[in-house]
Amino acid sequence: MENDEQDEIYSNWHLIPEPILLKIFFYLTPREILNSGETCRRWCDISRDDYLWRKVFKRDFKVDKNIGLKPGAESWSSEFRRLTNNIPMVLTDVLTEHSHQVLHVSFSHNGKYFATCSKDGFVIVS
């Protein structure tokens, strides 16, 4: 391929319709979407598109398509940011003492203890 042909191919990115770019952006990771948005003004606008972030949110968090944005949320992108940036660091443990499904967990005010109740009829304080 000659240089003129390559230049023509690279210079025609602006002709790609927005719905096609949205589909391309959907296959990117959230970090890649944000990085792509720094390329030019058009891609910046697409990287901030709430329709795109709704689809990415539902893809990455495996949320049913019929579930809407939570009341009081600003946008899908802000919800995505909130859930990825504000994840609490918690130690987890597998509860092996119960012989059936755990129905409820309550924590003490100081966070040192918790109580669980199960369908097996027992309450266990740990």
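Bear in mind the structure is a predicted one, so any value in this text is a computation, not a measurement.
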I'd like to know whether CZ of Arg59 has more than 12 heavy-atom contacts from other residues, nucleotides or ligands below 6.0 angstrom. yes

List the steps, then state whether side chain to side chain contact (heavy atoms under 4.5 Å, CB included) holds for Glu97 with Phe122. CA-CA 9 Å; Glu97 291 84 12; Phe122 290 97; over 6 Å; no

Donor-acceptor pair, Ser106 side chain versus Ala115 backbone, under 3.5 Å? no

Value rounded to 0.5 Å, distance of CG in Asp45 from CG in Leu21: 11.5 Å

May I ask whether Val125 and Phe107 are part of the same hydrophobic cluster, defined by side-chain heavy atoms of I, L, V, M, F, W, Y residues being less than 4.5 angstrom apart, directly or through others? no

Locate the shortest heavy-atom distance separating Glu79 from Leu69; write the atom from each residue and the value. CG-CD1, 3.7 Å

Looking at Tyr51, I want to see if its OH is surrounded by more than 12 non-hydrogen atoms of other residues, nucleotides or ligands under 6.0 Å. no

Please tell me if the side chains of Phe57 and Thr84 come closer than 4.5 Å, counting only heavy atoms from C-beta onward. no

Is a side-chain N or O of Ser118 found less than 3.5 angstrom from the main chain of Gln101, in a donor-acceptor match? yes

Connected via hydrophobic side-chain network under 4.5 Å: Val105 and Tyr113: no

So how far is it from Asp50 CG to Glu74 CD, rounded to the nearest 0.5 Å? 9.5 Å

What's the spacing between Ile124 CD1 and Thr116 OG1 if we round to 0.5 Å? 5.0 Å

Could you measure the distance from the CH2 atom of Trp43 to the CD1 atom of Ile24? Nearest 0.5 Å is fine. 7.5 Å

Taking all non-hydrogen atoms of both residues into account, name the closest pair between His98 and Val102 and its distance. CD2-CG2, 3.7 Å

Mark yes or no for whether Lys55, through its side chain, and Lys23, through its backbone, hold a donor-acceptor pair below 3.5 Å. no

At their closest point, which heavy atom of Glu18 faces which heavy atom of Arg42, and how far apart are they? N-NH2, 3.5 Å

Point-to-point distance, once rounded to the nearest 0.5 Å, from CD1 of Ile20 to CG of Leu15: 13.0 Å

Would you say that Phe25 contacts Asp49 through its side chain, given a criterion of any heavy-atom pair below 4.5 Å between the two side chains? no

Closest non-hydrogen atom pair between Lys58 and Lys65, with its separation: NZ-O, 2.8 Å

Where do Pro30 and Val56 come nearest, in terms of heavy atoms and distance? CG-CG1, 4.2 Å

Nearest heavy-atom approach of Leu83 to Phe61 is CB-CZ, 3.7 Å

In Å and rounded to the nearest 0.5 Å, what is the CD1 to CG distance from Ile16 to Leu22? 12.0 Å

Check whether any side-chain N or O of Trp53 sits under 3.5 Å from a backbone N or O of Ser47 as a donor-acceptor pair, and report yes or no. yes

